[in-house]
Amino acid sequence: MKKIWFFIIVVSLFSCRNEKVEQVKSPNGNMVVAISNEKGLLQISHWVNGDTIIGNSPLGLQIQDIDFSTHVTIQETEESAFDEMWHTVSGKNKMVRNHYNEKIFHIRGEAESDISCDLVLRCYNDGFAYRFVVKSISGDSIQWKGENTKLNFKSDFLYWAYNGEQHNIGPVRFSSSQEKVRTPMVLELDDSLYMAIHEAEVVRYAPMNIQIDGAKKNLGFIVDETSEKGELQTSWRTFIVGKRPGDLLESDLLVNLNEPCKIEDTSWIKPGKSLWDWRVWGYKAKDGFEYELNTISHKRFIDFASENNIQYLLIDADWYGPEFSDSSDPTAAREGINIEECMAYAKKKNIGVILYLNDVGAKKFGLDRVLKQFSDWGAVGVKYGFMQGSWEDKVRHTREVVALCAKYKLMVDFHDNPVPPGGDCRTYPNLITREFCHAQADAKRSYFPETAVTSPFINMIAGPLDYTNGWFDLNNAHSRMRVFEEIPGTVAAEVAKLVVAYSGWMVLPDSPEEYLKKDDLFDCIRKMPPQFDSFKVLDGKIGAYISVARKAGDNWFIGSLTNRDARDVELDLGFLSEGKKYKAVIYSDAANSHYMDNKESYKVEEEVVLAGDMLKISMAPGGGNTVFLEELK
């Protein structure tokens with residue numbers, strides 16, 4: 001049941017009162033964000049449990065020739081509180097609580113102008129966020145020239161930051177850095193306090209970057225210049241706070257800052273597991289069959305999917321011709337591909353088909369026309385690749401693609417340096433995942449174990465990610481046409497990555513034959529549900545290891561990964577139902593497994609466990625471990 005409590009108090013003439021500081025507290029009172037307006041300066045500060053994290057810091061935008069951080073007054077404020085529970089369509093958890101306190105500050109410059117600026121500040125138990133809303137009374141164009149915010153941190157810290165399709169930046173010492181980084185940026189303020197800086201509701205303007213000035217101990221926000229007619233509303237600048245890195249990953253702050261779902265009927269939006277033809281090209285099975293880009297191969301994938309609890313087949317690039325050619329028409333398949341036949345066969349087997357679409361073809365042949373054709377054929381989703389244009393163009397076009405996909409009941413996955421997720425999958429839950437990460441066997445750079453235990457704590461804070469996990473042929477896959485480098489890792493870790501990674505589509509990159517060669521291990525993937533019910537980080541350290549628990553009905557899966565070091569971890573099973581017994585099927589590295597020279601050795605064991613037990617698991621260098629916990633009736 002949805003519950004909402006909402007109240008507003010308007011406080012007038014703020015600038016005429018003796019009190020020059022306004023505070024917004026988290027609902028539990030442990031976090032405080034203050035806005036001050038001494039001597040015309042707009043400043044922000046932040047405390048957690050009484051400790052100052054961000055000292056008085058200038059806050060504001062540069063709009064035309066007006067600096068909305070200096071020579072300003074706060075004329076009045078509006079205060080409100082909000083609390084609700086809402087259902088997700090495709091999310092980390094089935095239910096999300098949206099609970100915050102808010103103040104809106106109405107800011108005016110000292111000089112006469114028809115430009116007004118509001119600062120909206122929200123404080124949650126696990127962080128805070130602010131945005132600016134700028135209006136032109138005359139309705140003229142508003143020129144946004146930059147953001148003048150400089151956050152002054154009271155202490156030194158280590159940080160990590162998103163780095164596109166490569167291993168992330170970090171750890172770096174704040175005081176020694178003068179670099180510009182992309183978000184999310186994760187800060188280790190001390191051993192029991194972490195912060196993630198990112199954005200939410202990035203739907204109109206280019207994503208921000210962060211300029212680090214370690215010498216001055218401040219962080220500034222860099223934005224592209226832009227203009228807007230009448231009203232300009234920035235994305236939310238977000239600050240997620242937790243005692244451990246796993247708290248940042250569990251947070252729902254980003255989705256809560258986005259508008260509720262705009263799709264009336266969401267019954268067609270169905271997360272799931274998908275086979276993928278792209279990396280299998282050139283694989284030769286023992287029966288002599290060789291996978292190629294043709295309908296015969298796609299039918300073979302569909303047969304395997306239908307027999308093994310896999311919901312989808314992703315047909316990737318070049319199915320309608322060379323993807324970057326402006327003569328390749330996405331509404332007409334190339335020779336060897338019969339889309340109508342493939343779709344009919346998949347429908348008979350109850351398998352959905354996802355079709356690749358390159359930005360070139362979408363724009364040349366008309367996005368609406370192409371998506372309508374995909375829908376008419378019976379496709380369930382689109383993988384959209386290589387979007388071009390400025391970052392602002394890409395942000396706006398992303399929203400256009402998602403909205404049009406919703407019109408034609410298509411889910412969508414963005415690849416190739418996409419716009420950062422920022423919780424917008426709440427508004428359009430058909431935005432199922434993105435390659436906002438260093439995906440495996442992609443970009444002609446190998447994905448090493450340290451990436452597997454770093455990117456969940458950084459990239460995945462932003463939203464659901466398509467890592468393309470689940471390789472089984474780790475020794476020979478690089479001999480295929482579309483696998484460019486040898487793949488480091490262990491096969492046990494490949495299974496665990498599917499539990500650790502939060503994604504609407506679990507895209508499996510290997511051939512059916514390789515999965516069947518290790519059928520007892522593949523059975524763990526076979527048992528995984530199309531969508532997990534929850535997401536809980538049991539333990540972990542950025543760059544070292546991670547353990548994640550995911551509920552699946554009455555059962556649970558636990559996935560654990562380590563870096564290049566072998567590691568023993570004790571899993572606290574206190575989250576299990578009290579008084580229940582569970583059969584634990586444990587999929588582990590073998591004693592001699594190694595991410596470089598013994599990748600495919602593994603073992604499967606069973607034992608009975610209870611809630612509150614401590615389960616010890618072992619991982620090889622670069623390895624992993626998965627536990628399937630089946631409730632015993």
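Along the sequence shown, the residues carry numbers beginning at 1.
A distance of 6.0 Å or more separates the ring centres of F304 and Y291.
Using a distance-only test at 3.5 Å, with no hydrogens or angles considered, a donor-acceptor pair links the side chain of K551 to the main chain of G553. A donor-acceptor contact shorter than 3.5 Å is absent between the side chain of T266 and the backbone of I269. With hydrogens and angles disregarded, a donor-acceptor distance shorter than 3.5 Å links the side chain of R550 to the backbone of V499. Under a 3.5 Å cut-off, the side chain of N308 and the backbone N or O of I310 do not form any donor-acceptor pair. Under the 3.5 Å distance criterion, the side-chain polar atoms of K92 are matched with a main-chain donor or acceptor of L249. Judged by distance alone, with hydrogens and angles left aside, the side-chain atoms of S375 form no donor-acceptor pair with the main-chain N or O of L371 at under 3.5 Å. At distances below 3.5 Å, at least one donor-acceptor pair connects side-chain atoms of S306 with backbone N or O atoms of D303. When atom types are taken as modelled, the side chain of S601 and the backbone of S593 share no donor-acceptor pair closer than 3.5 angstrom. Under a 3.5 Å cut-off, the side chain of T468 and the backbone N or O of V507 do not form any donor-acceptor pair. A side-chain donor-acceptor contact under 3.5 Å links H198 to the backbone of P421.
Contact check for Q440 versus P509: no side-chain heavy atoms found under the 4.5 Å cut-off. Within the 4.5 Å cutoff, no side-chain heavy atoms of K599 are placed close to those of H594. Contact of the R279 side chain with the D316 side chain is not registered, since no non-hydrogen atoms from C-beta on lie closer than 4.5 Å. With a 4.5 Å cut-off on side-chain heavy atoms, F374 and L410 count as touching. Between S588 and I617 there is no side-chain heavy-atom pair separated by less than 4.5 Å. Contact of the T490 side chain with the Y602 side chain is not registered, since no non-hydrogen atoms from C-beta on lie closer than 4.5 Å. In this structure, the side chains of L357 and V401 stay at 4.5 Å or more apart for every pair of heavy atoms. Contact of the N476 side chain with the E514 side chain is not registered, since no non-hydrogen atoms from C-beta on lie closer than 4.5 Å.
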task = Test Y545 against D565 for side-chain contact (heavy atoms from CB on, under 4.5 Å), laying out the working first.
result = CA-CA 9 Å; Y545 69 101; D565 298 328; over 6 Å; no

message = Before you tell me yes or no, could you show the steps for R480 and W281 under side-chain contact (heavy atoms from CB on, under 4.5 Å), namely the whole-Å CA-CA distance, both residues' side-chain angles and the distance that decides it to 0.1 Å?
response = CA-CA 6 Å; R480 303 177 203 168; W281 289 11; over 6 Å; no

task = Would you check, one step at a time, whether the test side chain to side chain donor-acceptor pair (under 3.5 Å) holds for S235 with E199?
result = CA-CA 6 Å; S235 62; E199 293 180 274; 2.5 Å; yes

request  = Take I546 and F457 through the test side-chain contact (heavy atoms from CB on, under 4.5 Å) and record every step on the way to the result.
outcome  = CA-CA 9 Å; I546 186 171; F457 290 117; 3.6 Å; yes

request  = Start with the C-alpha gap between D368 and K372, add the side-chain angles, then the distance that decides, and say whether salt bridge (charged side-chain N to carboxylate O under 4.0 Å, His left out) holds.
outcome  = CA-CA 6 Å; D368 191 287; K372 182 181 185 303; over 6 Å; no

request  = Output, in order, the C-alpha distance, side-chain angles, deciding distance and verdict of side chain to side chain donor-acceptor pair (under 3.5 Å) for D442 and Y447.
outcome  = CA-CA 8 Å; D442 207 4; Y447 171 111; over 6 Å; no

key: Verdict with supporting geometry, L355 and W377, side-chain contact (heavy atoms from CB on, under 4.5 Å)   = CA-CA 10 Å; L355 294 176; W377 279 333; 4.0 Å; yes

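Within a 6.0 Å radius of NZ in K94, no more than 12 heavy atoms belonging to other residues, nucleotides or ligands are found. Annotation for D519: atom CG counts as buried by contact number, over 12 foreign heavy atoms lying within 6.0 Å. Atom CG of L516 sits in a crowded spot, with more than 12 heavy atoms from other residues, nucleotides or ligands closer than 6.0 Å.
Between E165 and N417, the side chains place no donor N or O within less than 3.5 Å of an acceptor N or O (distance only, hydrogens not considered). Donor-acceptor pairing under 3.5 Å is recorded for the side chains of D359 and Y384. Q311 and N309 form a side-chain donor-acceptor contact under 3.5 Å, judged by distance and modelled atom types alone. If you check the side chains of Y587 and D523, you find no donor sitting under 3.5 Å from an acceptor. Side-chain contact of Y467 with S455: a donor-acceptor pair under 3.5 Å is present, judged by distance alone.
Aromatic ring pairs are classed by plane angle as parallel below 30°, tilted from 30° to 60° and perpendicular above 60°; the pair F386 and F324 is perpendicular.
Taking each heavy atom of C342 and I315 in turn, the nearest pair found is SG-CD1, 4.0 Å. Here the shortest heavy-atom pairing between N258 and E201 reads OD1-CA, 3.3 Å. Between G624 and A493, the shortest heavy-atom contact is N-CB, 3.6 Å. Of all the heavy atoms in Y356 and G385, the pair that sits closest is OH-CA, 3.6 Å. Taking all atoms of both residues into account, the shortest heavy-atom contact from N459 to C437 is ND2-CA, 3.5 Å. Of all heavy-atom pairs between L498 and G470, the closest is CD1-CA, 4.4 Å.
Atoms OH and CD1, from Y428 and I263 in turn, are 7.0 Å apart once rounded to the nearest 0.5 Å. Going from atom CH2 of W471 over to atom CD of E494 covers 9.0 Å, rounded to the nearest 0.5 Å. Distance check, rounded to the nearest 0.5 Å: CG of D393 to CE of M387 gives 10.0 Å. Distance check: S479 OG to K284 NZ gives 9.0 Å after rounding to the nearest 0.5 Å. Atoms OG1 and NZ, on T427 and K262 in that order, are 6.5 Å from each other to the nearest 0.5 Å. Separating the NE2 atom in H298 from the CG atom in L275 is a distance of 11.0 Å, to the nearest 0.5 Å.
For D510 and K517, the salt-bridge test fails: no basic side-chain N is under 4.0 Å from an acidic carboxylate O. Between D413 and K383 no salt bridge is recorded (no basic side-chain N to carboxylate O distance below 4.0 Å). A salt bridge links K518 to E600: one of the charged nitrogens lies within less than 4.0 Å of a carboxylate oxygen.
Of the options R369, R334, K364, a salt bridge (charged side-chain N to carboxylate O under 4.0 Å, His left out) to D329 is made by R369 and by none of the others.
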